Amino acid sequence: MKEIKLTDSEKDLMEILWDKEKVFMKDILDLYPEPKPAATTVATLLKRMQNKDLVGYTLYGNSREYYPKVAKRDYFKEEMTSMIDRFFNSSVTQFASFFTSNAKMSQKQLKELREIIDQQIKQ
C-alpha cells in the first residue's frame, strides 16, 4: 500500500466519509460542526482527495455521491507504522515500552493489554 498522507482538513472530511460510507455534498456540509466550511472549500478538498485516489463518487444526474476508497483501518495502520518508523526506529518494542510507561495506564488496562498480547502469541 502506498503511503497515505492527509492534512487535518482532509482527515476531518474522511471521518465523515468513513462514518457515512456514502454521502452527497449537501449532507457533508450539514455534518460539519459550526463554523461550517464553505462549499467551495469542501469541493476543493474532495477534488484533491480524488486526485490522491482516496475518494470516489457515483454520479446521479448532476449530483455526486462520495465514498471513501481507503478503509479507516488501513489508514490508521499506515499512520501508526509511519509514526513507529519515524519516532521509534521501526521498533514496535520501543513504541510499546514508551506507550505503556507514558500513557498512565491503570493496572486493569495493563492486564487487558497483556491479555491481548498473549492472545496474539497463541495465534
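If you're wondering where the values come from, they're calculated on a predicted model, not measured in any experiment. Computation of the quantities below employed the complete heavy-atom set of this structure, encompassing side-chain atoms and omitting hydrogens, waters and symmetry-equivalent molecules. Numbers here are sequence positions counted from 1.
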| Derivation and outcome, side chain to side chain contact (heavy atoms under 4.5 Å, CB included), residues Leu113 and Gln109 | CA-CA 6 Å; Leu113 183 58; Gln109 290 170 321; over 6 Å; no
Does [X] belong to the same Ile/Leu/Val/Met/Phe/Trp/Tyr cluster as [Y], with side-chain heavy atoms less than 4.5 Å apart forming each link?
X	Y	value
Phe24	Leu13	no
Ile116	Met80	no
Tyr57	Leu31	yes

| query | What are the two closest non-hydrogen atoms of Gly61 and Leu59, and how far apart are they? | reply | O-CG, 3.5 Å
Main chain of [Y], side chain of [X]: is a donor-acceptor contact present, judged purely on distance under 3.5 Å?
X	Y	answer
Glu15	Lys11	no
Gln94	Ser91	no
Ser82	Glu78	no

Rounded distance [0.5 Å steps], [atom1] in [X] versus [atom2] in [Y]:
X	Y	atom1	atom2	answer
Asp85	Phe95	CG	CZ	12.0 Å
Ile16	Leu29	CD1	CG	8.5 Å
Thr100	Met105	OG1	CE	7.0 Å
Leu45	Leu54	CG	CG	11.5 Å
Glu79	Lys5	CD	NZ	5.0 Å
Glu115	Ile117	CD	CD1	11.0 Å

| Pairs satisfying side chain to side chain donor-acceptor pair (under 3.5 Å), at least one member in residues 16-36, at least two apart | Lys26-Asp30
Taking side chain as C-beta onward, heavy atoms only, is [X] less than 4.5 Å from [Y]?
X	Y	value
Leu17	Tyr67	no
Met25	Val42	yes
Tyr60	Glu65	yes
Lys69	Val55	no

| request: Answer yes when Lys52 and Glu10 have at least one side-chain N-carboxylate O distance shorter than 4.0 Å, and no when they do not. | output: yes
| message | Pair Thr44, Arg48 - check side-chain hydrogen bond (donor to acceptor under 3.5 Å, both in side chains), show working. | response | CA-CA 6 Å; Thr44 299; Arg48 198 164 65 200; over 6 Å; no
| request: Begin with the C-alpha distance, continue with both residues' side-chain angles, and end with the deciding distance and a verdict on side chain to side chain contact (heavy atoms under 4.5 Å, CB included) for Lys77 and Lys72. | output: CA-CA 8 Å; Lys77 180 180 176 187; Lys72 186 174 186 176; over 6 Å; no
| Residues that Glu112 engages under salt bridge (Lys or Arg N to Asp or Glu O under 4.0 Å), provided they are two or more places apart | Lys108
| remark: By ring-ring contact (aromatic ring centres under 6.0 Å, His included), Phe98 pairs with (sequence neighbours left out) Phe88
| query | In this structure, are over 12 heavy atoms from other groups packed under 6.0 Å from Phe76 atom CZ? | reply | yes
